[in-house]
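Working notes for the structure below.
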Amino acid sequence: MQTENEARLELRRWYALWHEAEAMYAGWAHEHGVSLNALMLLCALVDEPESSQSSLARELSMPKQTVNTILKDFARRGYAELRPEQEDRRNKRVELSAAGREYALALTEALHKRELNVMERMGFDRIKALNDAQELFNALFKEGGHGR
C-alpha cells in the first residue's frame, strides 16, 4: 500500500500532467491562429451544430462572458449567427455559417488527426485504460472522495 507521501507525489504528478496537456493544446491552438477556448468552442459546435451560449458555457466550464466574446468574434467574421432563444431572449442560440462550419471542420480535423496518430501509437488498450481511470476518478471526486 502506498504511503500518504507517495500519494501526494502522484497527485502533484497528475496536476503537472494536466497542466502540460492544457499547455500543449493551447500551443497547438495558437499555432493555428485561435485561443484554446475558441478551439474548444469550435469542437463543441462541430459536435452539436445548434447549441445555446449557456449550454456551451456549462459543457466547457467556461464563463458565459468568455463564450459570448468568442462567439461575437465568430459572428463578426461571418462564422456564426447568434439568435435569441424564444423562451429566454437573454440567451442566444448559436449556429455556424457554411464558412464557419468549413473553418471549424478544418481545425478540428487537423486536431483529431494529431490526436488519433498519438492514440494509434499508444495503442487502443492504453487509451481505453486512460479513459476508464479518468472516468473513475471523476465519479469518485463527484461523490466527495470519501475514504480519507
Side-chain angles (χ1 to χ4, degrees), residues 4 7-122 126-148:
E4 172 117 5
R8 287 181 182 277
L9 285 172
E10 281 305 309
L11 185 58
R12 282 198 295 274
R13 180 176 172 224
W14 189 78
Y15 290 158
L17 291 168
W18 174 12
H19 293 297
E20 181 182 17
E22 188 173 27
M24 288 185 315
Y25 274 83
W28 188 95
H30 182 73
E31 289 171 13
H32 290 81
V34 295
S35 69
L36 177 59
N37 286 338
L39 177 63
M40 294 298 102
L41 270 172
L42 289 170
C43 288
L45 287 167
V46 165
D47 289 344
E48 286 290 326
E50 290 188 35
S51 300
S52 70
Q53 285 181 312
S54 61
S55 68
L56 288 165
R58 206 172 28 259
E59 176 187 336
L60 298 171
S61 299
M62 284 185 207
K64 287 181 188 177
Q65 187 57 45
T66 300
V67 171
N68 186 273
T69 299
I70 295 167
L71 292 175
K72 280 184 178 178
D73 180 59
F74 288 166
R76 182 186 56 74
R77 294 164 60 186
Y79 291 158
E81 290 184 33
L82 307 175
R83 296 190 183 119
E85 287 191 337
Q86 296 297 342
E87 54 279 354
D88 182 357
R89 301 197 57 79
R90 294 171 299 170
N91 199 20
K92 306 272 190 291
R93 297 253 2 119
V94 182
E95 200 173 319
L96 289 175
S97 65
R101 185 131 184 93
E102 185 178 317
Y103 174 69
L105 284 172
L107 270 177
T108 58
E109 286 301 316
L111 177 62
H112 294 333
K113 182 178 179 182
R114 180 135 177 202
E115 292 167 326
L116 290 169
N117 179 275
V118 170
M119 290 173 72
E120 184 179 320
R121 291 171 60 201
M122 282 182 71
R126 281 187 172 154
I127 289 297
K128 184 168 179 349
L130 179 70
N131 287 336
D132 289 346
Q134 186 67 56
E135 186 175 58
L136 177 59
F137 183 95
N138 293 357
L140 294 172
F141 190 93
K142 285 176 188 174
E143 73 179 36
H146 304 295
R148 280 196 179 226

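The chain is numbered in sequence order, starting from 1.
- In this structure the side chain of Leu136 reaches within 4.5 angstrom of the side chain of Leu140, judged on heavy atoms.
- Considering only residues two or more places apart in sequence or on other chains, Arg121 meets the side chain to side chain contact (heavy atoms under 4.5 Å, CB included) condition with Asn117.
- Contacts of Arg126 classified as side-chain hydrogen bond (donor to acceptor under 3.5 Å, both in side chains), with partners at least two apart in sequence or in another chain: none.
- Partners of Arg13 under the side-chain hydrogen bond (donor to acceptor under 3.5 Å, both in side chains) rule, at least two apart in sequence or in another chain, are Glu10.
- Distance CG/Asp132 to CD1/Ile127: 11.0 Å, rounded to 0.5 Å.
- Residues Leu36 and Met40 are in side-chain contact: their nearest non-hydrogen atoms beyond the backbone lie under 4.5 Å apart.
- By the side chain to side chain contact (heavy atoms under 4.5 Å, CB included) test, Leu105 pairs with Val46, Arg101, Thr108, sequence neighbours left out.
- Residues Gln53 and Val94 have side chains in contact (heavy-atom distance under 4.5 Å, counting atoms from C-beta outward).
- In this structure, Lys113 does not pair ionically with Glu109, as no charged nitrogen and carboxylate oxygen lie closer than 4.0 Å.
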Review item, side-chain donor-acceptor pairs of residues 18-35, under 3.5 Å, at least two apart:
from, atom 1, to, atom 2, distance (Å)
Tyr25, OH, Glu115, OE2, 2.6
His32, ND1, Trp28, O, 2.8
Ser35, OG, Ala38, N, 3.0

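- The stretch residues 54-74 participates, sequence neighbours left out, in no ring-ring contact (aromatic ring centres under 6.0 Å, His included) pair at all.
- Note that the CG atom of Leu60 and the SG atom of Cys43 stand 9.0 Å from one another [nearest 0.5 Å].
- Under the side chain to side chain contact (heavy atoms under 4.5 Å, CB included) criterion, Pro63 pairs with Thr66, not counting sequence neighbours.
- Remark: Leu56 CG to Asn37 CG distance equals 12.0 Å, nearest 0.5 Å.
- Distance check: Leu96 CG to Glu102 CD gives 12.0 Å after rounding to the nearest 0.5 Å.
- Every residue was checked against the side-chain hydrogen bond (donor to acceptor under 3.5 Å, both in side chains) condition with Lys64, not counting sequence neighbours, and none meets it.
- Under the side-chain hydrogen bond (donor to acceptor under 3.5 Å, both in side chains) criterion, Arg93 pairs with Glu85, sequence neighbours left out.
- Listed by first then second residue, pairs satisfying ring-ring contact (aromatic ring centres under 6.0 Å, His included) with a partner in residues 81-121 read Tyr79-Tyr103, not counting sequence neighbours.
- In terms of modelled atom types and a separation under 3.5 Å, the side chain of Ser97 and the main chain of Gly78 share a donor-acceptor contact.
- Partners of Asp47 according to the salt bridge (Lys or Arg N to Asp or Glu O under 4.0 Å) rule, which considers only residues two or more places apart in sequence or in another chain, do not exist here.
- Note that the CG atom of Leu82 and the CG atom of Leu71 stand 5.5 Å from one another [nearest 0.5 Å].
- The salt bridge (Lys or Arg N to Asp or Glu O under 4.0 Å) analysis of residues 71-81, with sequence neighbours excluded, yields the pairs Asp73-Arg76, Asp73-Arg77, Glu81-Arg83.
- Summarising the geometry, atom CG belonging to Leu11 is positioned 10.0 Å from atom CD belonging to Glu4; distances are rounded to the nearest 0.5 Å.
- Counted by atom type alone, Gln134 and Asn138 present one or more donor-acceptor pairs between their side chains at under 3.5 Å.
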